[in-house]
Novice: 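To start, I am sharing the structure in question, which I have written as structure tokens.
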Amino acid sequence: MSQTANANSPTSPNGRPTAGLTLTKKLNGQEQILPASLLGLLVSLHREIEPERQIRLAARRERQAFFDAGGVPDFRADTQKIREDDWKVAPVPQALQDRRVEITGPVDPKMVINALNSGAKVYMADFEDSTAPNWENLMIGQRSLSEAVKGTLTYTAPGTGKHYALRPYEEQAVLLVRPRGWHLSERHVLVDGEPMAGGLFDMAVFAWHNAKALMAKDRGPYFYLPKLQTMEEAALWERAMAHIEAMLGLPQGQMKVTVLIETLPAVFEMHEILHALRNRIVGLNCGRWDYIFSYIKTFRRHNDRVLPERGQVTMTQPFLKAYSELLIQTCHRRGAHAMGGMAAQIPINNDEAANEQAMARVRADKLREVTAGHDGTWVAHPALIPIAQAIFDEYMPTPNQHHKLREDVHVTRDDLIRPCEGSITREGLEGNVEVCVRYLAAWLDGNGCVPIHNLMEDAATAEISRTQLWQWLHAGNVHLNDGTLIDLALFESVLRNLPNRLGDRSTLIGGGRIDDAIALLDRLSRSEELVDFLTLPAYERID
């Protein structure tokens with residue numbers, strides 16, 4: 001069922017009709033989430049931003065073609081003055097001065113309540129890697145966040161009847177929202193016959209409902225921006241937010257952002273990204289999992305830059321250490337937060353020894369981050385918050401560590417692109433296949449965040465597994481540590497054996513979509529071209 005706004009529909013805030021907008025799906029109560037005046041904002045925003053978005057996406061394709069032909073990313077000559085000049089970003093708002101522990105997750109009501117109540121300093125409500133963007137999830141997510149901002153959100157679990165409610169506002173984490181990246185479209189919202197950018201939809205809907213209420217509480221609206229590659233892409237977000245602020249009557253610069261540095265090209269433009277958003281940016285984040293994925297994707301045709309299995313690619317590897325320390329140095333020079341990365345571990349309730357080993361890895365990771373100079377960190381599970389909090393409390397008694405300028409850090413281009421040593425075991429290969437299939441099956445079934453073997457998997461971690469499989473198969477001379485060539489015959493045997501490895505599908509999240517997921521992974525892995533994002537072909541198979 002479609003809902004079309006035409007010239008006779010109510011108008012947008014600036015008086016223009018919402019002609020040209022079509023919603024291709026309708027749910028009960030949708031009009032409350034997408035009233036006519038909001039639809040007018042979407043039309044205006046799309047027409048303002050979409051032409052440049054397409055230019056930026058074309059530039060990404062050209063950049064990747066350069067890498068495929070043997071080129072490598074580097075610092076830009078045309079922006080050297082930005083990197084060398086002395087300037088600072090705008091002051092960090094009081095509500096975001098202390099971000100020592102942040103929790104992330106999807107936007108369903110239970111998760112929103114638990115995350116805001118978790119004791120973390122910040123909750124990043126994730127419309128991107130943790131949310132499968134079917135229309136129902138998007139509508140439920142926006143409603144949940146709006147009710148949370150109002151303080152009215154509650155949830156009663158079906159079956160158990162357990163009731164969830166928000167703690168007092170003063171005890172809640174600060175809310176940040178991650179919209180989808182520039183590459184993702186929202187096919188349920190057409191403007192002039194074109195799908196609008198998913199991230200613009202996510203941001204505009206949230207801002208329309210909540211910006212003024214949050215501003216009154218000195219709480220935002222605040223956003224996390226994902227998967228940027230260049231300063232031009234950052235400048236496009238700046239333009240989009242300025243447009244939203246003008247349409248909603250907000251002060252320019254009211255909307256604040258943190259940018260995830262989770263693509264390899266972006267690490268060479270951190271000063272430039274900060275500069276493009278200097279009136280509203282408060283920090284950069286080491287999005288480690290997407291960064292590893294981006295490294296593999298960038299060098300997919302470079303047979304001399306094949307990484308070992310995922311478990312060996314840790315933040316202590318030299319190229320990742322260089323990335324994180326350069327981010328700290330860059331941010332602190334400019335007066336911005338340098339946020340650490342995600343601890344994907346979750347508690348292991350039935351094995352005390354294994355659980356302690358997992359928590360020890362979390363402690364070591366957080367100790368590395370805080371002593372390096374990070375101003376905060378991410379966790380995927382509430383049980384990890386006290387662990388991370390204790391370490392940051394001990395080693396960071398101040399709200400942040402902007403005073404740690406890390407002038408000792410000297411990172412070159414080659415430091416950032418040099419691959420790490422390691423091996424590929426049969427278990428590592430089989431594990432990648434299992435993670436891809438199980439995550440894909442869950443995603444197709446509407447779940448964007450899935451616990452698998454005591455790790456919280458989202459789109460970013462699944463993408464590492466998927467792109468590694470493709471590169472190992474197509475590099476032409478990659479072997480397991482026992483000498484076995486990784487080729488299509490080996491891949492097919494692993495896929496055939498996967499149902500035995502998985503066991504009873506009824507116990508798995510998304511178990512009913514396992515065959516669909518196997519077929520999709522098989523097709524993507526065999527393709528001569530690496531698909532840019534797993535979620536692009538998968539998106540065609542939801543709703």
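Note that these values count all heavy atoms, side chains included, but never hydrogens, waters or copies made by symmetry.
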Novice: Which pairs count as salt bridge (charged side-chain N to carboxylate O under 4.0 Å, His left out) when at least one residue sits in residues 428-437, sequence neighbours excluded?
Specialist: Glu430-Arg501, Glu434-Arg438, Glu434-Arg501
Novice: Which residue pairs pass the salt bridge (charged side-chain N to carboxylate O under 4.0 Å, His left out) test with at least one member in residues 374-384, sequence neighbours excluded?
Specialist: none
Novice: By ring-ring contact (aromatic ring centres under 6.0 Å, His included), which residues pair with Trp289, not counting sequence neighbours?
Specialist: none
Novice: Would you indicate whether Glu421, at its atom CD, is surrounded by more than 12 heavy atoms from other residues, nucleotides or ligands within a distance under 6.0 Å?
Specialist: no
Novice: Show which side-chain atoms of residues 312-321 pair as donor or acceptor with protein atoms under 3.5 Å away, not counting sequence neighbours.
Specialist:
{"unit_1": "Gln312", "atom_1": "OE1", "unit_2": "Ser423", "atom_2": "N", "d": "2.8"}
{"unit_1": "Gln312", "atom_1": "NE2", "unit_2": "Ser423", "atom_2": "O", "d": "3.1"}
{"unit_1": "Gln312", "atom_1": "NE2", "unit_2": "Ser423", "atom_2": "OG", "d": "3.1"}
{"unit_1": "Thr314", "atom_1": "OG1", "unit_2": "Thr316", "atom_2": "OG1", "d": "2.9"}
{"unit_1": "Gln317", "atom_1": "NE2", "unit_2": "Gln312", "atom_2": "O", "d": "2.9"}
{"unit_1": "Lys321", "atom_1": "NZ", "unit_2": "Glu325", "atom_2": "OE1", "d": "3.4"}
{"unit_1": "Lys321", "atom_1": "NZ", "unit_2": "Glu325", "atom_2": "OE2", "d": "3.2"}

Novice: Restricting to ring-ring contact (aromatic ring centres under 6.0 Å, His included), what partner residues turn up for His271, sequence neighbours left out?
Specialist: none
Novice: So Cys286 and Tyr323, do their side chains get closer than 4.5 Å, heavy atoms only?
Specialist: yes
Novice: Taking Glu128 first and then Lys227, would you say they form a salt bridge - that is, a charged N and a carboxylate O separated by under 4.0 Å?
Specialist: yes
Novice: Begin with the C-alpha distance, continue with both residues' side-chain angles, and end with the deciding distance and a verdict on side-chain contact (heavy atoms from CB on, under 4.5 Å) for Ile261 and Ile273.
Specialist: CA-CA 10 Å; Ile261 300 299; Ile273 289 169; 4.2 Å; yes
Novice: Do Arg63 and Thr230 get their side chains close enough for a donor-acceptor pair, meaning under 3.5 Å?
Specialist: no
Novice: Could you tell me which residues satisfy salt bridge (charged side-chain N to carboxylate O under 4.0 Å, His left out) with Asp516, sequence neighbours excluded, listed by chain and number?
Specialist: Arg513
Novice: With ring-ring contact (aromatic ring centres under 6.0 Å, His included) as the rule and sequence neighbours excluded, what pairs involving residues 449-473 come up?
Specialist: Trp470-His474
Novice: To the nearest 0.5 angstrom, please state how far the CD1 atom of Ile452 sits from the OG atom of Ser465.
Specialist: 8.5 Å
Novice: Go through the structure and list residues passing side chain to side chain contact (heavy atoms under 4.5 Å, CB included) with Ala380, not counting sequence neighbours.
Specialist: Met342, Met456
Novice: Using the ring-ring contact (aromatic ring centres under 6.0 Å, His included) criterion, which residues pair with Tyr395? Sequence neighbours excluded.
Specialist: none
Novice: Under the side chain to side chain contact (heavy atoms under 4.5 Å, CB included) test, which residues partner Leu184, sequence neighbours left out?
Specialist: Arg180, Thr535, Leu536
Novice: Just to verify, what does Arg76 make a salt bridge (charged side-chain N to carboxylate O under 4.0 Å, His left out) with, not counting sequence neighbours?
Specialist: Asp78, Glu232, Glu269
Novice: Return the minimal non-hydrogen interatomic distance between Tyr539 and Glu186, and the atom names on each side.
Specialist: OH-OE2, 3.2 Å
Novice: Check Glu272 with Lys81, please: is the shortest side-chain N to carboxylate O separation under 4.0 Å?
Specialist: no
Novice: Is there side-chain contact between Pro308 and Pro419, with at least one heavy-atom pair below 4.5 Å?
Specialist: no
Novice: Does CD belonging to Gln54 count more than 12 external heavy atoms closer than 6.0 Å?
Specialist: yes
Novice: Nearest 0.5 angstrom please: Ile464 CD1 to Cys436 SG, how far?
Specialist: 10.5 Å
Novice: Going through the checks in order, is the ring pair (Phe, Tyr, Trp, His ring centres under 6.0 Å) test met by Tyr295 and Phe299?
Specialist: CA-CA 6 Å; Tyr295 183 99; Phe299 293 132; 4.9 Å; yes
Novice: Go through it in stages, so that I can follow the logic: the residues are Arg178 and Thr104, the test is side chain to side chain donor-acceptor pair (under 3.5 Å), and I'd like the CA-CA distance, side-chain angles, deciding distance and then a yes or no.
Specialist: CA-CA 10 Å; Arg178 176 160 69 170; Thr104 72; 6.0 Å; no
Novice: Considering residues at least two apart in sequence or located in another chain, which fulfil the side chain to side chain contact (heavy atoms under 4.5 Å, CB included) criterion with Thr131?
Specialist: Pro106, Val107, Asn137
Novice: Are the side chain of Gln401 and the backbone N or O of Val370 linked by a donor-acceptor pair below 3.5 Å?
Specialist: yes
Novice: Would you call Arg53-Glu194 a salt bridge at under 4.0 Å N-O?
Specialist: no
Novice: Under the criterion side chain to side chain donor-acceptor pair (under 3.5 Å), I'd like the reasoning laid out for Thr79 against Arg83: C-alpha separation, chi angles, the key distance, then a yes or no.
Specialist: CA-CA 7 Å; Thr79 57; Arg83 294 194 298 275; 3.0 Å; yes
